[in-house]
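All residue numbers refer to positions in the sequence shown, counting from 1.
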Amino acid sequence: MTLRTGLQRAVAVLLAFLIAMPAVAQQGTATGAAVAPAEKGAPSPAIRMLRFGVLPLGGTVESRALWTPLMNDLGRALGMPVSMYSVPTYEELDRAIGRDEIDMAFLSGKMALDAVMQRRMKVVAQIARHPGMPEHRAVLLVRKAGPLNTLEGLLAQPEKWRLARGDSRSVTGFIVPQSQLFLPNNIEMETRFRSEFVGTHQATALAVANGDADVATNNTTDLERFRQQFPIEAERLKVIWESQPPPGAQMVVRRDFPPEFQARLQNFLTGYGKAKGTRGDAEREVLKSLRAAYGYIAADDSALLPQAQLERQLGRQHAMAAAWVNEAAREQRLQRIEKTYAEQVEMLRPASR
């Protein structure tokens, strides 16, 4: 190799290195921005879009359609686009929250509690209730003309029947029936039935109506919606059990949002449907379709205390019903449940924030 050729190659390598350096530096900055926490005291980045997580009601298309009018109005009020993250299962929505892909969502008490305890979300509102308004309750459904038509028959021989239930994160589809009915009768929903199908409230109701399951968990709110959408199938169904009113679902937003932006979201929700005239009438129709006829009221994380109490109760019921190597092991489990509950109460109390 001549000296001239060697110099030419060295210059070429140096030029390639210098050209690549800006791209490498830019890639490293972008990756760091995605994973590094914001410096303390640094100004919050501008919020240009809001991502709303849709809790599955029926199908993903139906859930998206129900929430679209409210989200469109929210986008106009904020002056920014609002996109919807609609998924078919609680688990997928839970994972999206864990990946910080959700900025705001309407969640079951269980999911809201988990998101708040992980310090990802903060409660800002819940559905307003009115005296005389029918209370939201968990129910069990059977087919009127089916072989199972009494609660006594269900509890006497659970292994004889096919169960359609909600996700384990569903308060009315799993947690409340398990805590208020099945465990007190020494029945574990996950193991005592002949078979089980897990799905949305709409899917579990259809399973019983069409003869694919013998009994289904559901709730009064979604059952009313089901009657409107599937009147023929709804006529085949019969309620054999109702729960006590469970903890309600909550509207949550990202905890790391600036306080003033959280306040704007809360003010929009609590003011929605309160206006007079044509606009107010249109908003009230939107609320009716979402089964929130009286709108939303302001709330904070303390609204999740009833859910924490329910989970403590369910945990203790499981511990008392399970088989253990010895009583010391059971006692350790009970102590862990009490410790978790104490941590939740501390986190959820208004004074702790």
Can you list the residues that meet the side-chain hydrogen bond (donor to acceptor under 3.5 Å, both in side chains) rule with [X], with sequence neighbours excluded?
X: Arg316; value: Glu338
X: Gln180; value: none
X: Asp94; value: Arg169
X: Arg291; value: Gln228

So, the side chain of [X] versus the backbone of [Y]: is there a donor-acceptor pair under 3.5 Å, distance only?
X: Trp324; Y: Ala319; result: yes
X: Glu233; Y: Asn210; result: no
X: Arg312; Y: Thr340; result: no

- Query: What do you reckon, is CZ of Arg95 surrounded by more than 12 foreign heavy atoms closer than 6.0 Å?
  - Reply: yes
- Message: Grouping I, L, V, M, F, W and Y whenever their side-chain heavy atoms are under 4.5 Å apart, do Tyr296 and Val82 come out in a common cluster?
- Response: yes
- Query: Would Leu113 end up clustered with Ile337 when hydrophobic side chains under 4.5 Å apart are linked, directly or stepwise?
  - Reply: no
- Check whether the side chains of Gln178 and Glu190 place a donor and an acceptor atom closer than 3.5 Å, and report yes or no. yes
- Query: Are side-chain N/O atoms of Ser179 and Gln317 paired as donor and acceptor at under 3.5 Å?
  - Reply: yes
Quick one: ring pair (Phe, Tyr, Trp, His ring centres under 6.0 Å) partners of [X], sequence neighbours excluded?
X: Tyr85; result: none
X: Tyr294; result: His130
X: Phe182; result: Phe193

- Message: Could you work out, with salt bridge (Lys or Arg N to Asp or Glu O under 4.0 Å) as the rule, every residue matching Glu92, not counting sequence neighbours?
- Response: none
- Phe261: partners by side-chain contact (heavy atoms from CB on, under 4.5 Å), with sequence neighbours left out: Ile47, Leu50, Leu78, Met80, Phe257, Pro258, Arg264, Leu265
- Task: List, by chain and then residue number, the residues other than Val239 in its hydrophobic cluster (Ile/Leu/Val/Met/Phe/Trp/Tyr, side-chain heavy atoms under 4.5 Å); write none if there are no others.
- Result: Val139, Leu141, Leu206, Val208, Leu223, Phe226, Phe230, Leu237
- Intermediate values then yes/no, side chain to side chain donor-acceptor pair (under 3.5 Å), Glu135 and Gln244: CA-CA 9 Å; Glu135 291 185 286; Gln244 294 299 311; over 6 Å; no
- Message: If the threshold is 4.0 Å, N to carboxylate O, is there a salt bridge linking Asp103 and Arg120?
- Response: no
- Ion pair Lys110/Glu311, N-O distance below 4.0 Å: yes
- Residues pairing under side-chain hydrogen bond (donor to acceptor under 3.5 Å, both in side chains) where one sits in residues 141-160, two or more places apart or in two chains, turn out to be Glu159-Arg192
- Message: Below 30° counts as parallel, above 60° as perpendicular, anything between as tilted: where do the rings of Phe106 and Trp67 land?
- Response: tilted
- How close do Gly199 and Thr204 get, heavy atom to heavy atom, and via which atoms? O-CG2, 3.9 Å
- Could you note down all residue pairs passing salt bridge (charged side-chain N to carboxylate O under 4.0 Å, His left out) where residues 193-212 supplies at least one of them, sequence neighbours left out? Arg165-Glu196
